[in-house]
Amino acid sequence: MDRFNALLKKELASELRTRSGIYSTLLFAVLTTTAVGFTSIERAPSPLVASALLWLVLGFASVTGLARAFIVEEDQRTSDLLRLLSPPGPVFWAKLSYNFLLVLAVAAVVVPLHLIFESVHPENWPLLIVGTISGCGALASGVTFCGSLVAKSSARGAIAGVICLPVLLPIIISGMGAISGSFESSNSDVVIGAWKSVAALAGLSLVFAGIGRQLFPFVWES
Amino acid sequence: MIYRWLLVVLSIAATAAYAFAPNARGWSTAPETARILFFHVPPAMLCSLFYLWAAIQGGVHLVKRSPESDHKSSAAVEIGTLLCALATVTGSMFAYIQWGRFWDWDPRQLDIFLQLMVYAAYFALRSSFTDPQRRAVIGAAYAIFAFVTVPFLIWIMPRLVALSKFSQHAQANNVVIGNQLDATYRIYLYSTAFVVLLVACWAYELRTRQLDLEQQTGDPIANRVSDSHPAVSNSGVVRPIRLRSDRSEADS
Amino acid sequence: MGCRENFFAAKNVGKRFGSQWVFRGVEFEIPQGECLAVTGPNGSGKSTLLRILARLEQPTEGTFSAFDRPRMGCVAPDLNLYPPLTVYEHFLFAARLRSVQANAQKLIEMVGLKGAETLPASALSTGMKTRLKLGLAVQHEPALLILDEPGSSLDAQGKAMLAEIVAEQKRRGFLILATNDHSELRFAEQELRLG
């Protein structure tokens, strides 16, 4: 636990001091939200389309921002120091937690902005908030592990997106179900279906994190 | 040896399926196209089996680090992806004839296509590593991680997605999955599925053997090297020379 | 290979990158308290051998008595520090990960970085970075210390400090040193020539 704290503190301290990662990820998310918002110039999109666009933005922002967690260690050649200092477990949990915080920060900016641009009004706030948080958890755990896979590759920057995105597609699909349900609370079937999607997202987060943690030592020491 | 007979069996089964299976009852458009079932459903069912095998062999590789398990795992992904692509293509052909569009956003169609995408990334990942040992470990880890999405896509996603209400394809799938096929169709379907399984296993075994052989005899690059770099001999031993025999000398 | 506590040994260690053997058949056995110097021209695989012994890389063939990571210290030119973290924070960070006393002030004094405690690693000169790495490598009093060309960026005062660290390590355990500097051979009891 002490190791985890030290590592998370190191992640936060190095990111907050350089700010390049956080700033570029947030800016990327805002820019894609704007571009995606063009779709609603003529008329407001349906709940399903609006939520699909939201998860598109969150998915792409995590691929560009979160996969950096391990890539940055290889780029500045600090991963060997980390390997010498710490066993793999705490490293994985610290990176995952940092990524979760980062994607939550992105969602905190992007979700309100998206609601304004698309002129959609959530009618079920708990569903929107819980759905977004569990979706962010699934994105963070999926991308953290996939990022660790590509980190050692010579083409890591180029292929990070290609490797992470397929795993994110199931998350995006479930996220669409959850968030679109929060836009139409009149239909109780839809709301129940949406909560099922939230459960699926939470399940995916746990399974991705659990399997990722089991496989990570092999990848880290390879 | 038995595989040679398989081709005969497959040809007979294929002919039988086309020639003797009756047209589907109660279909307004092109009832004869229901026969595509025999070539569409088996690959869709079997690709996940090969992905499961790839994950199992990936686990074996992580524990044992044997090249053979890596070959088995990657060959299984290759064959699984081939089946997955076949299922996608035959499925969209059928969708076009029946519903007038190649892509219907049906949960089953989507599930197979997403599996295809997840495992297509496997090849991109492997090809980005030059060191064979590392490539094998990373490939094995991804094969296991990727398989987590397969049960999700097959069993959970179709029950979640709001998409299913827009799809007409869902009914056609329920006929197969809900065991509502009539007896003739069921027999043909199971026998073609069995034949496709055997042929896929044959392809898998050939591919595994090819990879094993390439590793054992091939490795042409490695063989060339020991000739071109006589400085590094195969039998030579590099040992240190002693600079001082007495340790106290070093401290003084 | 069985790990006898009083010896650090390697047998038939070889490494191949793609098609090219860097070295093969490396064997040695060093008793506790001795230093092995690894020498050889550029590209002969000194750094690679040291990375293998530090368990940062897998050998293509061969075995050696492996130490647990917590019992090793390592300094190498490509083992980088965290650019935004300060000198002092590096010692705290490493100590918490190793579950040992940080001893930051004492170590900073020993490696001669007094006055630079609050500088981030990105603001340090190459020589100062080497000093910080040396301090980090001996913080937990490792049984095996691996030094890859430590003297190349150090000034006279730094080299004197290096000699102290070497003497202390030889009292404590094993030392492996890759070098092209003949004056550093005086630290070593055995010399392994690669290439």
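In what follows, every heavy atom counts, from backbone to side chain, and hydrogens, waters and symmetry copies are set aside. Here is how names work: the chains are called A, B, and so on, in the same order as the sequence lines, proteins then strands, and each is numbered from 1. Remember, predicted model here, so these are calculated numbers, not experimental data.
Between chain A and the residues C:Leu136, C:Leu79, C:Leu85, the most heavy-atom pairs under 4.5 angstrom are made by C:Leu79. Most heavy-atom pairs under 4.5 Å with chain C: of the set A:Arg3, A:Glu73, A:Glu221, this distinction falls to A:Arg3.
The shortest distance between side-chain heavy atoms of A:Leu84 and C:Leu56 falls below 4.5 Å. Using a 4.5 Å heavy-atom cutoff, the side chains of A:Leu82 and C:Tyr82 are in contact. Two residues are said to be in side-chain contact when any heavy atoms from C-beta on lie closer than 4.5 Å; A:Lys9 and C:Phe93 fail this criterion. With a 4.5 Å cut-off on side-chain heavy atoms, A:Asp80 and C:Arg51 count as touching.
Within 6.0 Å of the CZ atom in A:Phe183, the count of heavy atoms belonging to other residues, nucleotides or ligands exceeds 12. Atom CZ of C:Arg193 has 12 or fewer heavy atoms from other residues, nucleotides or ligands within 6.0 Å. Residue-environment remark: NZ (C:Lys106) stays at or below the threshold of 12 foreign heavy atoms within 6.0 Å. By the 6.0 Å contact criterion, OH on A:Tyr23 is open, its count of non-hydrogen atoms from other residues, nucleotides or ligands being 12 or less. For C:Asn42, the CG atom sits in a loose shell: 12 or fewer heavy atoms of surrounding residues, nucleotides or ligands are nearer than 6.0 Å.
For A:Glu15, no part lies under 4.5 angstrom from a heavy atom of chain C. Proximity to chain C (any heavy atom under 4.5 Å) is shown, for A:Leu7, by both the backbone and the side chain. For a residue to count as touching a neighbouring chain, one of its non-hydrogen atoms must lie under 4.5 Å from one of that chain's; by this rule C:Pro120 does not touch chain A. Both the backbone and the side chain of A:Thr78 come within contact range of chain C, with heavy atoms under 4.5 Å apart.
Rounded to the nearest 0.5 Å, atoms CZ (A:Arg83) and CD (C:Glu57) are 9.5 Å apart. Going from atom CG of A:Asp2 over to atom CZ of C:Arg98 covers 14.5 Å, rounded to the nearest 0.5 Å.
Salt bridge annotation for C:Glu89-A:Arg17: present, with a cationic side-chain nitrogen under 4.0 angstrom from a carboxylate oxygen.
Within the 3.5 Å criterion, the main-chain N or O of A:Pro87 finds no donor-acceptor partner in the side chain of C:Arg69.
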